[in-house]
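Here is the structure we will look at, set down as structure tokens.
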Number of protein chains: 2
Amino acid sequence: MSHEAQKAIARQSLLLRSLPDQHVETLLSHAIWRQYDRGETIFLQEEKAQAVHVVLEGWVKLFRMTPTGAEAVVSVFTRGDSFGEALALRNVPYPVSAEAVSACDVMHIPSPILISLMKEDPEIGISILAATFTHLHSLVAQLEQLKAQTGAQRVAEFLLNLCDDETGGCDVSLPYDKMLIAGRLGMKPESLSRAFSRLKAVGVKVNRNHAEISDIALLREYAESDPAENWSR
Amino acid sequence: MSHEAQKAIARQSLLLRSLPDQHVETLLSHAIWRQYDRGETIFLQEEKAQAVHVVLEGWVKLFRMTPTGAEAVVSVFTRGDSFGEALALRNVPYPVSAEAVSACDVMHIPSPILISLMKEDPEIGISILAATFTHLHSLVAQLEQLKAQTGAQRVAEFLLNLCDDETGGCDVSLPYDKMLIAGRLGMKPESLSRAFSRLKAVGVKVNRNHAEISDIALLREYAESDPAENWSR
DNA sequence: CCCACAACATGACAATTGTCAAGTTGAGAA
DNA sequence: TTCTCAACTTGACAATTGTCATGTTGTGGG
């Protein structure tokens with residue numbers, strides 16, 4: 001991908017898209033561009049934050065390791081997503097680790113650049129706050145899912161988010177591997193397999209990384225139904 | 001409680017404590033003080049945010065209602081905690097509802113005051129960002145708990161957070177009712193009861209709202225152990 | 001004082017999920 | 001091509017959790 005095309009993607013990110021052009025150019029001109037291989041670490045939990053990150057291509061996961069070695073996936077980001085905004089302004093350690101889950105292009109905006117620009121124009125603080133709030137909101141939504149839905153329902157919602165909001169049927173490609181989907185939804189890969197089997201009953205067929213949804217409305221109804229009511233298999 | 005004592009508590013909140021005195025006084029002088037009864041609603045999901053809230057006394061829960069009426073508790077705040085910072089600067093709807101779970105005193109700082117003050121001094125933006133980041137961090141920690149620990153382990157961690165970091169034994173009072181504790185930890189009240197029973201094996205005795213921990217180190221070891229290893233009841 | 005009721009505990013049962021142990025399969029390396 | 005390995009699936013079983021039913025208890029209102 002050309003450098004210009006990458007810049008265009010960066011400009012659409014939540015962090016940059018509402019900033020005046022002049023500031024965006026300053027930030028882009030100081031940014032560091034890097035490629036990562038699948039499985040490569042971008043940063044580790046407890047490291048001090050030194051940059052804001054913008055994914056230009058590929059997929060990146062944020063996760064936490066528990067003392068026993070289990071990993072909890074916190075979010076998965078792709079083209080046009082930015083993360084680490086809130087930390088860049090304060091010299092604090094990352095609460096999560098970041099890893100490329102596919103080959104990736106990632107842009108890094110060094111924190112000092114952002115901080116000095118923010119002193120000139122507080123408007124940048126608002127952009128950072130907006131991005132941070134979006135992340136907060138998505139964590140709240142995730143918590144709600146985990147606390148109030150069964151595994152199969154979370155999978156249903158995951159699939160619905162991949163569709164456009166239409167009604168009727170829909171074909172989607174699973175964006176990353178099933179192990180990661182399972183982690184993202186807080187279950188084991190075996191449970192994910194079983195959840196997919198169960199969704200056959202509401203018109204979902206999965207083959208490899210391809211899913212076929214026969215009726216979006218039906219799937220949505222299933223995702224939002226009361227778990228206790230689905231006693232009938 | 002006297003008004004002065006309440007102000008002292010507000011001053012210690014994450015939002016205000018790092019601000020210059022002059023700004024703190026401005027905010028306090030424009031704040032609205034209110035009392036709430038147990039069960040009273042402070043704001044509803046989807047309402048537009050008009051203030052930042054600081055709990056001065058009592059307990060407040062933030063929660064989301066699912067389409068089916070199940071409730072997912074997102075956080076529980078008490079004396080000295082502030083919330084809603086990130087929304088106050090932007091005219092967006094609350095992603096959660098807030099309800100007093102005991103009789104409460106809550107201070108409200110109207111957003112326009114905060115916004116106008118921020119235009120004078122961008123430093124306030126940093127304070128807001130710091131508070132928001134703290135909330136983000138606590139949501140990440142909660143996600144990790146839900147995804148990587150069993151119910152009983154989450155209860156163990158909850159109890160550990162009530163103790164000071166000492167070793168040895170410890171007596172604590174449960175801060176709010178068990179129904180709410182269950183909600184906060186993502187389980188049903190019945191499961192919480194069973195979790196408490198199970199913790200008897202690691203030296204925890206619970207009676208009414210009082211818990212007795214015979215060995216903090218032992219409890220911590222249990223909370224952090226691999227769920228799969230606890231095959232021996 | 002007594003009553004009603006919500007909070008809590010417990011047992012039985014069903015549903016869900018994790019764990020372990022096979023398989024199968026597909027993509028990349030030799 | 002063939003080999004190898006990780007990803008994935010499936011089945012059996014155990015542990016966990018939710019649900020429903022029932023009983024106890026403590027508190028606040030009449």
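Any value given below was found using the heavy atoms of this structure, including those in side chains, with hydrogens, waters and symmetry copies removed. Lettering of chains follows the sequences in order, A, B, ..., and the numbering in each one begins at 1.
Aromatic ring centres of B:His53 and B:Phe43: separated by under 6.0 Å.
For the segment residues 144-152 of chain A, the set of residues with a heavy atom within less than 4.0 Å of an atom of DNA chain C comprises A:Thr150, A:Gly151, in numerical order. Of the residues in residues 181-195 of chain A, those with a non-hydrogen atom less than 4.0 angstrom from any atom of DNA chain D are A:Glu190, A:Ser193, A:Arg194.
The environment of CD in B:Gln45 is crowded: more than 12 heavy-atom neighbours from other residues, nucleotides or ligands sit within 6.0 Å.
Rounded to 10 degrees, the angle separating the terminal axes of the helix from C:dC1-D:dG30 to C:dA30-D:dT1 is 40°, with each axis obtained from five end pairs.
With C:dA7, D:dA7, C:dA9 as the candidates, the nucleotide lying closest to the side chain of B:Lys178 is C:dA9.
Between A:Asp177 atom CG and C:dG26 atom P there is a gap of 16 Å when expressed in whole angstrom units. Between B:Leu199 atom CG and D:dT16 atom P there is a gap of 12 Å when expressed in whole angstrom units. Rounded to a whole Å, the CZ atom of A:Arg208 is 9 Å from the C1' atom of C:dA27.
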Give the intermediate values and the outcome of salt bridge (charged side-chain N to carboxylate O under 4.0 Å, His left out) for residues A:Asp177 and A:Arg38. CA-CA 12 Å; A:Asp177 51 74; A:Arg38 177 191 165 100; 3.4 Å; yes

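Comparing B:Arg38 and B:Ser197 by the nucleotide of DNA chain C that holds the closest heavy atom to each, the one mapping nearer the 5' end is B:Arg38.
Between B:His210 and B:Asp171 there is a side-chain heavy-atom pair separated by less than 4.5 Å. Side chains of A:Leu136 and B:His135 form a contact here, defined as non-hydrogen atoms less than 4.5 Å apart.
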